[in-house]
Structures are given as C-alpha cells and as structure tokens.
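Presented below is the structure to which this report refers.
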Amino acid sequence: MITFDEALSLIDSKVAPLGCERVSMEEAAGRTLATDAVAALPSPRHTISAMDGYAVRLDEVEPGVPLRVTGEVRPGQSASALASCAAVRIFTGGVLPEGANCVIMQEYATRDGDSVQFAPGFGPARHVRQKGSDFDRGDVVLSRGTKLDARSLVAAAATDAKHLAVYRQPSVSVLATGDELVASGSAHESAYAIPDAIGPALGAMIQHAGGKVVSRGFARDDLPALERLAGQLAQDVDLVVVTGGASVGERDFAKPMFAAHGLELQFDRVAMKPGKPVWFGRVKDCWVIGLPGNPTSAMVTARLLLDPILGRLQGATRGHLWRSMPLASALPATGDRETFARARWDATGLMVLGNQDSGVQGGLAKADWLIRCPSGQSELAAGTMVSALQF
C-alpha cells in the first residue's frame, strides 16, 4: 500500500499526453493547448482611443479655449495626421491620429459646429492604449498546457489563429460492476436491486475534465463475461474506469477481469480514506483505474486520482490546487490513514459534514470541498486553517 502523494507521483511519471490535433476556435473549448499560442498581430494592433471623445495634442489644450474639429475617426478606419491647434472626434477603439497624444472624454467637451472646447478637470489620464501594450507580435499569449476556458479563448482568438493545436481528448469507458446494480429508474422493480448512482456521476466528471465518454454501463459479477468485456474495452479506448469489485473477496473481479489481458499494476491500494481499495494499471495501450463501489468513495477518489490521470493524458502541467482555508466547525481527529473530509463552504469557512461514512449518497450533494487531513491528526477547532481542494 502506498501513500496518496506516492500515487500522484506515479501518475505524473507514468502517464504521458496523448497525440495532438488541430481544431477550430469553435471546437477548442475545454481542450488543452499542445503548443504555445503565439500572437500573429500586436494587441492593440494600432495605438487607439480608450474612450469616446476628442484626440488632441495635450500641450495645445487650454480649458475654455476652442479648437477646430477637423475630422472623425471610428473603429476600423484609418486616421489622418492631426493638424496644429485642432481636435479630431474619436470613438473607443478608433486609431489615434498621428500627432495626437491624448483623448479628452466627451463628458468634458462642449461642441459648437466645427469647434470644441473643454472644461477643467479632464486630466491627468490620457485615455490612450498604445500599440502592442497588451502583447506584441511573436509574444507567447498562452502557454502549452493551458486548458481553454471562456477567458483563455478570448486571448487565443486575439492571436488571430484560425486553428489551435490541442491534445487529443482521451476516450473513456465507465463500467460499474455488481450483481445488485440496475439502471436508475428500475431499481423499484426488484426488492434487492440498487440503482447505478456512480456511472452517470463519473460520466459528468470525466466530461468536465475534458474526457470523451464513449461507453457507460454496468456488468454482473461473472468473471468469464467480465474478461471478455475487459478485452474489448481495452482495445477501444484510452482509459477504462471500473467501479466495485476492488477488494479481495470471492466476488471481487475488477482486477482479475483485466489480469487475463496482461494487466500491469502501477499501484494497488492507497493509504487514504475514503478510497483505500483504489488501483491503477495498464493493459497494452489502455490505462485502467479501479474505484471503490461505494458512490461517495468512488467520487472522492475520482476527484483525487482520476482527475490527474485525465489531466496528464491531455498535457496538463499543473496538479491539484490546494488552498488554505479556515474551518467553520471542528474537524474530528483522523486515524492511521490520510483522510479527505467532505465539507461545504459558507460565509464563515468550511463546515465539516457530520456524516463522513463512505456509503453516504444524499449528503454528497452538499459537499463542495475536500479537506486534507494527515494520518494521526488531532481534532482541530473552528478557525484553524486547513488545506482544501474544491470538490
């Protein structure tokens, strides 16, 4: 059995990014850059106005003394040079005329035909955005490994790229094992059936992490049938996520079903709570992670270990973002395993959920943070700063 940090280190050292492909800007959301995004144009492309107003030479302006208005500049238009003792009407984003060095906001301007005068107090800001002040041509705007969300897509599009090189999305199959499992909505038809609550949740988590779920289902505890299924899955996808059957009981077939196809275990069991039975291995070109059968244990373990696997497959260069946060309630002492306590955030800090049992499902919806607790940690009082990961 290894520690949580050792499991993360193994994932980081063993899992390599998949190949890359080029996609359009419209297809890039949620993908991870495989190369730096380099600017083909400066931003701004020209020196422009940051306000609606009048472009002037600042040393020619005296409050109350009119200047001639010799033209107008709108965004996307060229601008003639500014004449002496003159002003040009300009709009936000308009190219600053040669010779102008200031834009006076229209709120300070009084226009009278072809002349304009300005009220006192229009400075000291000049309201000019210099060419290339955001980034210049050839600058790296986004680094390789950046996950493209809505904000980073603004910067990506501003480079004037038509296509972006991104890592290939990992294809993933999710398989829940257990004789008791049935599709949600049909468990009421059998007295001992349990709805598959893990599969849909893992599918959502995988998609959020950038993976592509190509199949999701559940299977009975029948080893020959599971072996056949394992062989097919390992040929079809980059990653298989299997839940349940992870212990060493007579009906725990998650590892044996892949052993028949040459499973190479990277780790087997991690000293963590919840999630001790988690395991990770490889079958030829396919990675396999086995998660506990309890939905809460499966989801916590997936956040802690499945997310990094998906990230590495997509070239992610940053691991978990742990934050130092205050407790709003006492945190019970931990035992001999590193523990990840579920909590929710409110205005006063992290409220530790009262029921930390691995089988809890209803309370899972209330948990939005995981608190990292070293083994053997004493009870912590409210107000103590702890290390937490968004769940």
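Counting from 1, the numbers follow the sequence of the chain as shown. Model, not experiment: these values are computed from the prediction.
Contact check for Leu164 versus Arg31: no side-chain heavy atoms found under the 4.5 Å cut-off. At least one side-chain heavy atom of Phe340 sits under 4.5 Å from a side-chain heavy atom of Arg372. Between Phe118 and Val61, the closest side-chain pair of non-hydrogen atoms falls below 4.5 Å. For the pair Leu82 and Arg57, the minimum side-chain heavy-atom distance is below 4.5 Å. The shortest side-chain heavy-atom distance between Trp369 and Val386 does not fall under the 4.5 Å cut-off. The shortest side-chain heavy-atom distance between Val237 and Val172 does not fall under the 4.5 Å cut-off. With a 4.5 Å cut-off on side-chain heavy atoms, Arg216 and Pro200 count as touching. No side-chain heavy atom of Trp287 sits less than 4.5 Å from a side-chain heavy atom of Ile11.
For the pair Glu60 (side chain) and Cys85 (backbone), a donor-acceptor distance under 3.5 Å is present. The backbone N or O of Gly145 sits nowhere less than 3.5 Å from a side-chain atom of Thr32 that would complete a donor-acceptor pair. Panel note: side chain Gln356, backbone Arg342; a donor-acceptor pair is recorded below 3.5 Å. Thr334 places a side-chain N or O within 3.5 Å of a backbone atom of Gln377 that can act as its donor or acceptor partner. A donor-acceptor pair is defined here as one N or O able to donate and one able to accept, closer than 3.5 Å; such a pair exists between the side chain of Ser13 and the backbone of Leu10. Not a single donor-acceptor pair under 3.5 Å links the side chain of Ser324 to the backbone N or O of Ser387. Listed for the Ser49 side chain is a donor-acceptor partner under 3.5 Å among the backbone atoms of Met51. Put simply, the side chain of Asp238 gets close to the backbone of Ser171: a donor and an acceptor are under 3.5 Å apart. Under the 3.5 Å distance criterion, the side-chain polar atoms of Arg337 are matched with a main-chain donor or acceptor of Met272. A donor-acceptor pair under 3.5 Å links the side-chain atoms of Asp368 to the main chain of Trp345, judged by distance alone.
Linking ILVMFWY side-chain heavy atoms closer than 4.5 Å, directly or via other members, places Val240 and Leu263 in a single hydrophobic cluster. At a threshold of 4.5 Å between side-chain heavy atoms, the hydrophobic network of Ile, Leu, Val, Met, Phe, Trp and Tyr places Val278 and Leu389 in one connected group. Taken together through direct or relayed side-chain contacts under 4.5 Å among Ile, Leu, Val, Met, Phe, Trp and Tyr, Met299 and Ile309 form part of one hydrophobic cluster. At a threshold of 4.5 Å between side-chain heavy atoms, the hydrophobic network of Ile, Leu, Val, Met, Phe, Trp and Tyr places Leu202 and Phe218 in two separate groups. Under the 4.5 Å side-chain heavy-atom criterion for Ile, Leu, Val, Met, Phe, Trp and Tyr, Val241 and Phe391 are members of the same hydrophobic cluster.
Of all heavy-atom pairs between Leu305 and Ala7, the closest is CD2-CB, 4.1 Å. Nearest heavy atoms, Leu67 versus Ala86: CD1-O, 4.0 Å. Contact between Pro63 and Ala119 at its shortest, heavy atoms only, is CB-C, 4.3 Å. Nearest heavy-atom pair across Glu227 and Pro256 is OE2-O, 4.1 Å. The shortest non-hydrogen separation linking Ile198 to Pro292 is CD1-O, 4.3 Å. Considering all non-hydrogen atoms of both residues, Ala55 and Ile90 come closest at N-CG2, 3.9 Å.
We find the CD-OG1 distance between Glu338 and Thr3 to be 7.5 Å, quoted to the nearest 0.5 Å. Residue Glu180 holds its CD atom at 10.0 Å from CG of Asp196, rounded to the nearest 0.5 Å. Between atom CG of residue Leu229 and atom CD of residue Gln232 there is a gap of 8.0 Å, rounded to the nearest 0.5 Å. Note that CG of Leu233 and CE of Met257 are 6.5 Å apart. Values are rounded to the nearest 0.5 Å. One distance of note links CZ of Arg228 with NE2 of His261; it measures 10.0 Å at 0.5 Å rounding. Note that NZ of Lys147 is 6.5 Å distant from CD of Gln314, once rounded to the nearest 0.5 Å.
Heavy atoms from other residues, nucleotides or ligands lying under 6.0 Å from CG of Asp149 number more than 12. No more than 12 heavy atoms of other residues, nucleotides or ligands shown are found within 6.0 angstrom of NZ on Lys273. Environment of CD in Glu62: sparse, with no more than 12 heavy atoms of neighbouring residues, nucleotides or ligands closer than 6.0 Å. Surrounding CG of Asp12 are more than 12 heavy atoms belonging to other residues, nucleotides or ligands, all under 6.0 Å away. In His208, the NE2 atom is not crowded: 12 or fewer heavy atoms of neighbouring residues, nucleotides or ligands sit closer than 6.0 Å. Atom CZ of Arg111 sits in a crowded spot, with more than 12 heavy atoms from other residues, nucleotides or ligands closer than 6.0 Å.
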message: Let's go through Ile371 and Leu327 carefully: what are the C-alpha distance in whole Å and the side-chain angles of both, what is the deciding distance for side-chain contact (heavy atoms from CB on, under 4.5 Å) to 0.1 Å, and is it a yes or a no?
response: CA-CA 10 Å; Ile371 302 172; Leu327 287 173; 3.7 Å; yes
- prompt: Do Tyr167 and Arg312 pass the side-chain contact (heavy atoms from CB on, under 4.5 Å) test, and can you show the C-alpha distance, the side-chain angles, and the key distance before you say yes or no?
  reply: CA-CA 10 Å; Tyr167 288 105; Arg312 286 292 299 154; over 6 Å; no
task: Step by step, work out the side-chain contact (heavy atoms from CB on, under 4.5 Å) result for His163 and Ser24.
output: CA-CA 4 Å; His163 294 89; Ser24 68; 4.3 Å; yes
Candidate pair Lys255 and Leu265, rule side-chain contact (heavy atoms from CB on, under 4.5 Å), full reasoning: CA-CA 9 Å; Lys255 288 191 287 290; Leu265 280 172; 4.1 Å; yes
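Remark: Asp222 does not engage Arg220 in a salt bridge, criterion side-chain N to carboxylate O under 4.0 Å.
The aromatic rings of Trp322 and Phe4 stand perpendicular to each other, their planes meeting at an angle above 60°, with 30° marking the opposite boundary.
Checking Ser375 against Asp336 by side-chain atom types alone, no donor-acceptor pair falls below 3.5 Å.
Scored by the ring pair (Phe, Tyr, Trp, His ring centres under 6.0 Å) test, Phe258 finds no partners at all (sequence neighbours excluded).
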For residues 94-107, dump all side-chain donor-acceptor pairs below 3.5 Å to protein atoms at least two apart in sequence or in another chain.
residue	atom	partner	partner atom	Å
Asn101	OD1	Leu58	N	2.9
Gln106	OE1	Arg89	NH1	3.3
Gln106	OE1	Arg89	NH2	2.8

